[in-house]
Every structure is written in structure tokens, then in C-alpha cells.
Amino acid sequence: MKTIVPSHVRKRPVNLSLNEELVAQARQLTGNLSGVVESLLAEFVERELQRRREQSRRVEATVALWNDFEEKHGSFADEYSTL
């Protein structure tokens with residue numbers, strides 16, 4: 001899953017608190033640390049959004065199953081209701 005960030009999107013500087021040694025190592029490996037971080041951040045956002053969509057689908061499916069069960073068999077609470 002490769003997320004492409006359009007080049008025409010406005011960019012601005014941000015402050016991050018990162019491990020100094022890790023940043024030094026990363027700079028030795030790339031000439032574009034900002035690009036690498038932006039790419040990794042875009043991938044994280046895409047994965048997290050996908051995870052949340054999947055979680056929402058699972059919740060909706062569970063609700064539909066319970067609603068179907070209640071429609072066919074009634075509520076578990078009905079036999080214990082004191083109202």
C-alpha cells in the first residue's frame with residue numbers, strides 16, 4: 001500500500017521531538033529526511049484509516065447480527081425485566 005502525497009499540497013515546518021541518534025542515523029541514509037518522514041506518516045494515516053473502517057464494519061456487522069437475533073427470538077432481557 002503505497003500512499004502518494006501530491007507535490008502541489010502546501011507544506012509547512014513543524015516541530016517534532018525525536019531521538020537525536022536516530023535522526024542522525026536516518027540523515028546518513030537519506031538526503032531527504034522530511035520526504036521520508038512524510039512518506040511514513042502518510043502510510044501510517046492510510047493504515048490507521050483502513051483499520052478504523054474495518055473496525056466500524058465489524059461493529060456494524062455485529063449490531064446487524066444482534067438485531068436479527070432479537071427480531072427472531074426476542075431480547076434476552078425480556079425474561080428478566082421487572083418493569
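Only heavy atoms go into these numbers, but all of them, side chains included; no hydrogens, no water, no symmetry mates.
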Using links of under 4.5 Å between side-chain heavy atoms of ILVMFWY residues, direct or through other members, which residues join V59 in one cluster?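 Answer for V59: V63.
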Describe, in one word, how the ring planes of F69 and H73 are oriented to each other, choosing from parallel (under 30°), tilted (30 to 60°) and perpendicular (over 60°).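 Plane angle between 30° and 60°, so tilted.
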Under the side-chain contact (heavy atoms from CB on, under 4.5 Å) rule, collect the residues that match up with [X], sequence neighbours excluded.
| X | value |
| --- | --- |
| S75 | E70, A77, D78 |
| R52 | E48 |
| V23 | L18, R27, L33 |
| E21 | N19 |

Checking side chain to side chain contact (heavy atoms under 4.5 Å, CB included) for the pair R47/L49: CA distance, chi angles, key distance, verdict? CA-CA 6 Å; R47 276 193 320 270; L49 290 173; over 6 Å; no
Using a strict cut-off of less than 4.0 Å between a Lys/Arg side-chain nitrogen and an Asp/Glu carboxylate oxygen, indicate whether E54 and R57 qualify as a salt bridge.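 R57 and E54: salt-bridged.
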Run the side chain to side chain donor-acceptor pair (under 3.5 Å) test against N32 and tell me which residues pass, sequence neighbours left out.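 None.
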Could you tell me which residues satisfy side chain to side chain donor-acceptor pair (under 3.5 Å) with R58, sequence neighbours excluded, listed by chain and number?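 R58: no side chain to side chain donor-acceptor pair (under 3.5 Å) contacts found.
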Can you tell me how far the CZ atom of F44 sits from the CZ atom of R51, to the nearest 0.5 Å?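 F44 atom CZ to R51 atom CZ measures 8.5 Å (nearest 0.5 Å).
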